[in-house]
Amino acid sequence: MPFLIIQRLLSTIPVLLVVAVVVFLMLRVSGDPAAILAGDTATSEQIEAVRVALGLDRPVWEQFLGWIVQVLRGDLGESLFTGLPVTTLIGQRIEPTAMLALTTIVFSVLVAVPLGVLAAWRANTWVDRAVMVFAVLGFSVPVFVLGYFLMYAFSISLRWLPVQGYTSPFVDFGAFLRQIILPTLTLSCIYIALIARITRASVMEVLNEDYIRTARAKGQIERIVLFRHALKNAAVPIVTVIGLGVALLIGGVVVTESVFNIPGLGRLVVDAITRRDYPIIQGLILFFAFIYVMLNLMIDLTYAALDPRIRY
Amino acid sequence: MSAVENAAPLAPPRAPSALAAVKRHPLAAVAALVLAAIVVAAVFAPWVGTVDPTALAPARRLAAASAEHWLGTDHLGRDVWSRMVYGARVSVTVGVAVAVLSIVVGLFVGLFTGFIRWLDPIVMRIMDGLMAIPGILLAIALVSVSGASMVTVIFAITVPEVPRVVRLVRSVVLSVREEPYVEAAVSVGTPLPLILWRHVVPNCVPPLIVQATYITASAMLTEAILSFLGAGTPPIIPSWGNMVAEARLLFQIAPWNLLFPGIALAVTILAVNVLGDALRDRLDPKLAKRVGR
Amino acid sequence: MTGKPVLSIRNLSVALPEGADRRHAVENVSFDVDPGEIVCVVGESGSGKSVTAFSVMGLLPPGELKPVQGEILLEGENVLTASPQRLRDLRGTRMAMIFQEPATALNPVMTVGQQIDEVLRIHTGLPPAERKAKVIGVLDAMHLPDPAGAYDKYPHQMSGGQRQRVMIAAAMALDPAILIADEPTTALDVTTQAQILTLIKEMQERRGTGVLFITHDFGVVAEIADKVVVMRQGSVVESGPAGAIFENPREDYTRMLISSVPSLDPPAREPAQGPVAVESIGLVKRYGGGGWFAKKGEGFLAVKGVDLSVRRGETLGVVGESGSGKSTVARCIVRLIDPTEGAVRLAGTDIAKLSTRGLRPYRRRIQIVFQDPYRSLNPRRTVGASIIEGPMNFGLPKAEATARARNLMGLVGLKPDALERYPHQFSGGQRQRLAIARALAMEPDVIIADEAVSALDVSVQKQVLELLDRVKREFDLALLFITHDLRVAAQICDRIMVMQRGEVVEAGPTRAMFRAPKHPYTAALLAAAPGRGFGETVAA
């Protein structure tokens, strides 16, 4: 097992390297990085100064090596606007984003998996159709449209919930709950749609397998056929999609935080866009890609527990 | 039951009559009609009761709907109906362009990765890397370094879509490559490009048509999000995303300004997705499993 | 054997969904199974034999197939009118079933012990410790080595034969009155099949269980049946005691089925005198290994140094069980895969190491016919397009290629207008004829038939075999015939090579080898062939 983990960890290196190359090249293929980093109002002397200060006058491969060494030391550069290290800024903003992601993943899985199983079991009935209609809707309504709609309904018209903002659960748990409900609902929609669809598809496929017929031939009741025999065999694709869906979630977080005015990493990105603060954008892309790769690595490692046939 | 009895023969796709198709998928027929209407409106935007969508009229800010302004005016007095119709141009252009581009590039790369063994690991690692970068962030970064323009937006949304197409095509190639009829073609001396063209590409077409609709929907969504975040099409061009972004400040006073473009966006994307699902059921029932949606 | 039947099927009809090619999957079927009796229901595909079996268990796919007439009495109780609850109570206790494919019939994520234990948990109130002891006892009764260890194994850690023993253990755990076996040995190798048949017989004799045994294989019927029910297109053709059916069949269809089964006694054949068309020397194929982390020489050796040669006008049979490497040899010789070591000499040239480009001129000379007739023709192209593809690759103008294809249609017994149609419009046997025509269109020296008749019903199988034999003689071809079926090999091959685990264990003229096998493995294969002796009596 330890050998397995090391092997899998090593296999993420090429992937992360590709991410690093893309992030590094992004600034360089689209024009003069010094001009971009110096800002729109910079004079040519200022641009030159930036060029020398950042070593942009050296060969590209040398720049890349220097930059990679920096990143490996945990240095993601400094914000052009505030001058603070990007890692410090990420540290300040990570809690709200992590909380929102956590509530969303937990809520979505709890809702979507039973829905998907139900739809598969009652395939081609009105139950199934209702779940599938919901799933298509979930994919189609843009996060911000849904967010403002929910805000309008529950906060502005009904006044049940606060309009915007975020409170840490470690400060005031009640306030945290009230404020996190709408963002969680907003963000969960597309994720629930995704998980419910894959659950339905893979459970439906498993239900056609011979061993389901065997279980019925033994006289087993439907509930156990469904949850013990079918769901466990359908687990690998479901768990995989939960992991891959995190990419979707990260995009959604940026928008949701902006709609509900939550001071997390998503807002950091949006502020960086308006201020053209490239080191922050670069740093966050690296950070999110790293989280995504590590999360999917962990999910990969659970396969062996879910399916005894899988041994690396 | 013996193996032969169970093997369902694969019928080649036959063109069903249009009427039968409508009967089988009434929802898809409605979706197709809605989309047709939106495309027509986008193409003939100047002739569907619109005025100049950028014309300011500070005197008539936030006016309610009337005969003159069908959907009222926004905070700068611009006609909301006109902006919506012109905004459709952005969504439709971006959706179609991204779908076509990513399918063409993905098909080409996927075909050769699937058949040339030494190329496969290299290309797939690059695709894994691209997929690890959240698509919206990648698009945001690309747009913000190269400046907001329609071309940049299309390029920025296409890049994260390509890996998914490559993976889809590759999975088809890998399964078709094992088919005895492809092996038979190899053993009668058919050269690789001809095998790809005759035996492999036709198998990629149905899943790619379906995938193209999904990409269209997701590209429209991403474009709207980019515009909403201020990293999309230039503010001077009306798009549904930047209409929502501008309306959000006055959301509590004039919610309809946000609602109309929001609904237009949701309905369009919904129609594309419904059409995609119907196509999937018809052309490629297995796709649901392959791309995980 | 007398006494009250445990299972009695009376005038059973099962409706097919609307739009099917006939109205009933099963029509007016009646027969009895007595205690301790093995009743074989035998028929070709589409005969309704499996539908009958599934009707008894109440496991027909809902909404597709529906019993519309008759009754199925299990110890006097009609299961067609039983409530779902009652049906569940009966399954596993009074009636049990085993299936064709033990690899997929067991749940891959549950241990073998849990899956047998499930039957006891559903139907008995025994405490866990007693259940476990009983499960291990049942595994032991199935002659599984190390039954306590088997309890914690997963299905993928067992062989095909062991998995089928586990299925039988789960079925027999509560001593049902009737065991329904749906082609339980079709997916198994011949030696494993013999062991499973012995086990089923033992269960029936010791425990007095009635067995309803579904099969397409008359050899198996001859081996175990007390009573035979012959079915065709949903109806019973004839039924009676096994001896009577074999010695004195009343119906033409039964007679035709029995006479289609190839005899295990090969006819005398003249040794072929033609020049050697293809030969392999020291052929080795290794899968895997050679990666970054693997040591050199690791991986799986599928073929370990095979020498063979086939003359023109000769049929060489390569016989072996699954995993013997016989198909790998075939695919190396056609160069669908690249051999690791060794030479393949075709027309005086070693083609084993030729580049794709260098290989092209030789592709024409050697052609292959595959096992699965449903996948060997591109479903999206007309049959004609598939057949003329090869000749046109070698520069034949389209008109001439089409003319050649039309001639070939006559040769393989199809009409020339078949060329404009699509593969799904043909039956399995017809498609195999088309695949042979495609191979012949290249005017090859050598044809390799890789299990080319294994997926076909016996009556169709016989015709395709005759076709292969005829084209071999007409075109003076070298035919390399890969098969697992000794009966088929006996009928068509001049010489036979027996393979086991990648090696040739014995080679020689067919008749001599069948009459006096030298290697113990060959002898074991011949001894395991079901229904030994029955073919000879019919032929005589």
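Just so it is clear, the structure is predicted and the values come from calculations on it, not from any experiment. So you know, we letter chains A, B, ... as the sequences are listed, proteins then strands, and number each from 1.
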[X] versus chain B, heavy atoms under 4.5 Å apart: side chain, backbone, both or neither?
| X | result |
| --- | --- |
| A:Pro14 | side chain |
| A:Leu146 | neither |
| A:Tyr152 | both |

Chain A contact via [X] - side chain, backbone, both or neither, heavy atoms under 4.5 Å:
| X | result |
| --- | --- |
| B:Ile269 | both |
| B:Met131 | backbone |
| B:Leu137 | both |
| B:Ile225 | both |
| B:Ala224 | both |

* Asked: Does atom CZ of A:Arg267 have more than 12 heavy-atom neighbours, drawn from other residues, nucleotides or ligands, at distances under 6.0 Å?
  -> yes
* **CZ (B:Phe155) with more than 12 external heavy atoms under 6.0 Å** => no
Nearest atoms (heavy-atom pairs only) where [X] meets [Y]:
| X | Y | result |
| --- | --- | --- |
| A:Val145 | B:Gly262 | CG2-CA, 3.5 Å |
| A:Val18 | B:Arg125 | CG2-O, 3.9 Å |
| A:Val19 | B:Gly129 | CG2-O, 3.5 Å |
| B:Leu221 | A:Ser140 | CD1-O, 4.0 Å |
| B:Pro134 | A:Ala289 | CD-N, 4.4 Å |

* Structure fact -> Given A:Val143, A:Ile238, A:Val255, the one with more heavy-atom pairs under 4.5 angstrom with chain B than any other is A:Val255
* Structure fact -> If you tally heavy-atom pairs under 4.5 Å between each of A:Val141, A:Ile250, A:Val136 and chain B, the highest tally belongs to A:Val136
Return the [atom1] to [atom2] distance between [X] and [Y], rounded to the nearest 0.5 Å.
| X | Y | atom1 | atom2 | value |
| --- | --- | --- | --- | --- |
| B:Leu258 | A:Phe149 | CG | CZ | 12.0 Å |
| B:Leu27 | A:Arg129 | CG | CZ | 11.0 Å |
| B:Asp128 | A:Leu16 | CG | CG | 11.0 Å |
| A:Thr274 | B:Leu229 | OG1 | CG | 10.0 Å |
| A:Ile281 | B:Leu138 | CD1 | CG | 11.5 Å |

* Hey, what's the ring geometry for A:Tyr148 with B:Phe228, parallel, tilted or perpendicular (30° and 60° as the breaks)? -> perpendicular
* Asked: Would a 4.5 Å heavy-atom cut-off, applied to side chains only, mark A:Val22 and B:Val159 as touching?
  -> no
* Below 4.5 Å, heavy atoms only, C-beta onward: do B:Leu265 and A:Phe144 meet side chain to side chain? -> yes
